[in-house]
Every structure is written in structure tokens, then in C-alpha cells.
Protein chains: 2
Amino acid sequence: METPVESTRERLLNIAEQRFGEGGYEGTSLRAITVAAAANIAAVNYHFGSKEALLRAAVARAMAPVNTERRRRLDQLEAKGQPTAEQLIRAFIEPGLDLVLRRGERGPVAARFIGRVAFDPSQRIRELYAAESDPVEARYLTALQAALPRAAPESVAFGYVNMLGLLALHQSQALTRAPGTEDVEDPGKLAENLIAFLVAAFDRGLRA
Amino acid sequence: METPVESTRERLLNIAEQRFGEGGYEGTSLRAITVAAAANIAAVNYHFGSKEALLRAAVARAMAPVNTERRRRLDQLEAKGQPTAEQLIRAFIEPGLDLVLRRGERGPVAARFIGRVAFDPSQRIRELYAAESDPVEARYLTALQAALPRAAPESVAFGYVNMLGLLALHQSQALTRAPGTEDVEDPGKLAENLIAFLVAAFDRGLRA
DNA sequence: GCATAGTTCAAACGGACGTTTGAATGAGAG
DNA sequence: CTCTCATTCAAACGTCCGTTTGAACTATGC
């Protein structure tokens, strides 16, 4: 067994990840979280300080492995010279969607959580997500613009925003799909399909 | 002047559109809406019945012109035979983004509202949006599959989901304000850029 | 044994929430 | 003017919210 005992702090993060991913930040109460985590309501403020600090901690924990892997891949690519757009897109997307594929683990829950936070209606929450991912993401935008010298920089930035959006879309729909589109994809092929979709759009769908 | 007097009901719908689009459904209180609309708190339940019914009415009002125009365009295209993928994408995207361009009118507010509701964290709210748009959207999926016979139907459905997601993204402008990507796009060119992006992805980024 | 620091607990805080009530107000018809 | 009916209003309903309190428990070091 990998989990000998789960501390209250870990249980709170796990349940928060799940519930915030289902109902959003405003739509999820601390009481719902603490009941599901079998913890006292005061435990949140003891371990984290506030509801928003709990969210921040959960975002940081969920994003950390994704950011690490993205940095590692980008370092590796840049060490070999100028990467292609496809290499960059793959190095960006795959770490984000690897989570989705880890069925049985906490991966899909974390992926949905990340995707939902990235699209939260409140700008304050979205900025909280951006604060956790900005540094490495900005490097990808610059690298993409260098990889696509024939496209206008604003146009590459447009494509980059679309890439962020589509990744968050598929992360957040990892568990619950919209009616009518339930069986759209084999989850195992999701990353490859999304990468192919984006590569085609970046290579041929941007203004010169 | 186009607005002789605005009824309480209209003011509530207008303010609800604005506030729900800023803070989301759960993050926006009826009191905040009624204060901004200079209406009594009881007016919501008098005119609509409940908070959720107010949201439903606002969604229906905002979506109606978009759905009508999409239907009209699809009818017109299909009358001339099998439309191309680009024609279908254009006929789907442009009605949704026309709203964004109507600066000075209520268009951008309605667009943001629609985009946010489509991505609301709560599945119940997302289904409320889907209920208003499903019929005509489903026709577009079928037409796209017919226009792309060489691509697998699931693959076209995948692209279709991506199209819905990117449209909602740009309607809500959720990520275009991310740091470093503020001035990504001339709003006037947004529709053309998004269509070109999607056409390239549909034509060359889907599995056979 | 005692002391100590870390953690958990039941209970309560003030405030904001969506909703409901019943009376007051308004305009239009007869 | 009077009746009627739609609308608006202040006030209150009970419930849930995030947060705080201070005491109780637990484990470890001495």
C-alpha cells in the first residue's frame, strides 16, 4: 500500500481538488469539503489559513509536476538547437494530459481541477492559476514565436492562447463530457489527436 | 434614443448578463444584481421565480439571435448542396463572434456571459446553456461530418468540440487577458483568425 | 512523572444568502 | 371616482457561509 496514513492536510487537499473541480470555488463550501474529508471545519483555517489559501495550495500541488516536466522538456529541446513547433506543442500538451490518463490514480481529478480553475468565472481565481504556471508558459510562447518566424508574433500568440484553452478544455472534461459528445475520444489517443489538431492549425492557420 | 424606458424586467436581465459574466452564477448574488439594476430584491422572484430562472431567461435571450442566425445560414448553405467545412465553420463562428464586435452595444457583455455560462464549473449550469443551443449545434456536427468524409466521424466530433471550446474562450475573453497576451488580437480580425485556425485544423489535423 | 508543541474539536460569531410575506403604490378601464 | 390588477416595496424568514475561539486531546522530549 502506497498510502499508510493520510494526514488531515492531505485529505483536505485531495477532497478540495475533487470538489472545487466539480462545483467551482464559489460553488463549493468549506463545510462540504471538511465533511467529505472527515475533518473538522476549523482544520482548514488551521492548516491553510483561509478558503482561498486552500485553493492556492491545491493549485500549487496539482501544477507542480506539470510545470516541472514542461521545464525539463523545454530545456532538453533547446539544448539541441531550435525546436520545431510540433516538438514544442508536444512538450507542452503531453505533461498536461498525462494526468488525464492516470486512471485509478488522482490524475484525472487533478486534471479536471486544473482545467476548471483555469476557466473559473472569477478573474481573481484565474489569476491564481496563472501565477502558478506563468513562468514556464511564457518560455513556450517565446519559443513558439522563434519556431514560426514566418507567422506574425501576434498570430503565434493567438494560437498559443488557443492551445492553452483547448488543453484546459480537455483537462476539465476529463471526467464529465457534455451531452451528445460523450464518446468523442479514446482517452489514450487524446494527446495525439490534440497535438495533431494544434500542429495543423499552427503550421497552416496563422497569418504571415 | 433607442431606449425610451427600460422596464424592471429588462434592467434585471441586462445587469444579470453583466454580473453573471463577471463573477459566474455562484459568485453573483441577487442582491448585487438588484442593487445595480435599481430594483427591489423581490423583483427577481416576482418576474422570474428564482435565481436560476433569471439565469435561464438571460441565457435564452442572449442565445436567441445567435441560434436564429446559425439556423438561417445553415439552411441557406444546405439549399445549395453540400457545404464545405470552411463554409460551415464560418456560418457557426461568425454569429457567435458578431456579438463581440458590437462595441457600444450590449453585444460584448452578452458574448462574455454566453462564454462563461458555457464553461461554468457546475454541470447543472452548463446543461442549461446546452439546452438553449443543442438543436442547431447538432445540425452543424452532422453537416461537418458530411463535409469531411475522409475523416473519422469521432475525429470530426473531436474537432467540433474544439470549435465550441475555442468560440466560448474568445467570447468570454477569459484567457486573452492573461499576462503577456493582452494585445493578442485586433477584435475586428478575431473571427477571421479563428476561422482560419479552425479550417486548417479541420482540414489537416484530423485522423482519417 | 511533567512540560511542550502540534493538532483536533464542538461551539459560536456576525454576516450574506435566496426566498417569502403582506402592505403600499401605480396606471388603466368602467 | 372607483375598482382592479400588475408591480414595487421594506422587512423578515430560515439557512448556510467563512472564520474564530478556547478548551481538549495527542505525541514526543526530557
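Letters A, B, ... are given to chains in the order of the sequence lines, protein chains preceding strands, and every chain is numbered from 1. What you see below is based on every heavy atom in this structure, not just the backbone, and it leaves out hydrogens, waters and symmetry mates.
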Could you tell me how far apart [X] ([atom1]) and [N] ([atom2]) are, to the nearest whole angstrom?
X       : N      : atom1 : atom2 : result
A:Leu55 : D:dT19 : CG    : P     : 12 Å
B:Phe20 : C:dG18 : CZ    : C1'   : 11 Å
A:Glu52 : D:dC17 : CD    : P     : 18 Å
A:Arg19 : D:dG18 : CZ    : P     : 13 Å
A:Glu10 : C:dT8  : CD    : P     : 12 Å
B:Leu54 : C:dC17 : CG    : C1'   : 15 Å
A:Arg56 : D:dG18 : CZ    : P     : 16 Å
B:Tyr25 : C:dG18 : OH    : P     : 8 Å

>> Taking the basic N atoms (NZ, or NE/NH1/NH2) and the acidic carboxylate oxygens, is any pair closer than 4.0 Å for B:Glu132 and B:Arg61?
In response: no

>> So which atom in A:Ala37 and which in A:Arg11 form the shortest heavy-atom distance, rounded to 0.1 Å?
In response: O-NE, 2.8 Å

> How far apart are the closest heavy atoms of A:Pro65 and A:Ala62, and which atoms are they?
Replying inline: CD-O, 3.6 Å

> Do A:Val44 and A:Lys51 touch side chain to side chain, with heavy atoms closer than 4.5 Å?
Replying inline: no

> How are the rings of B:Phe92 and B:Tyr140 set to each other: parallel, tilted or perpendicular (split at 30° and 60°)?
Replying inline: perpendicular

> What orientation do A:Phe20 and A:Phe113 show, parallel under 30°, tilted 30 to 60°, or perpendicular over 60°?
Replying inline: parallel

Give each protein N/O atom lying under 3.5 Å from an N/O atom of nucleotides 4-6 of chain D, with the pair distance.
none

Write out a two-atom table: protein N or O, nucleotide N or O from nucleotides 20-23 of chain C, distance below 3.5 Å.
none

> Heavy atoms under 4.0 Å, any strand shown: does A:Thr34 hit a base, just sugar-phosphate, or nothing?
Replying inline: nothing

> Between B:Arg9 and B:Arg31, which has a closest nucleotide on DNA chain D that is more 5'?
Replying inline: B:Arg9

> Between the side chains of A:Glu6 and A:Asn14, does any donor sit under 3.5 Å from an acceptor?
Replying inline: yes

Are OP1 or OP2 of [N] and a side-chain N or O of [X] less than 4.0 angstrom apart?
X       : N      : value
A:His47 : C:dG6  : no
A:Thr8  : C:dT8  : yes
B:Ser29 : C:dC17 : yes

> Is the backbone N or O of A:Ala64 less than 3.5 Å from a side-chain atom of A:Thr68, with the two atoms forming a donor-acceptor pair by type?
Replying inline: yes

> Is it true that a side-chain atom of B:Tyr25 and a backbone atom of B:Glu52 form a donor plus acceptor pair closer than 3.5 Å?
Replying inline: yes

> What's the closest nucleotide to the A:Ser50 side chain, out of C:dG18, C:dT8, D:dT19?
Replying inline: D:dT19

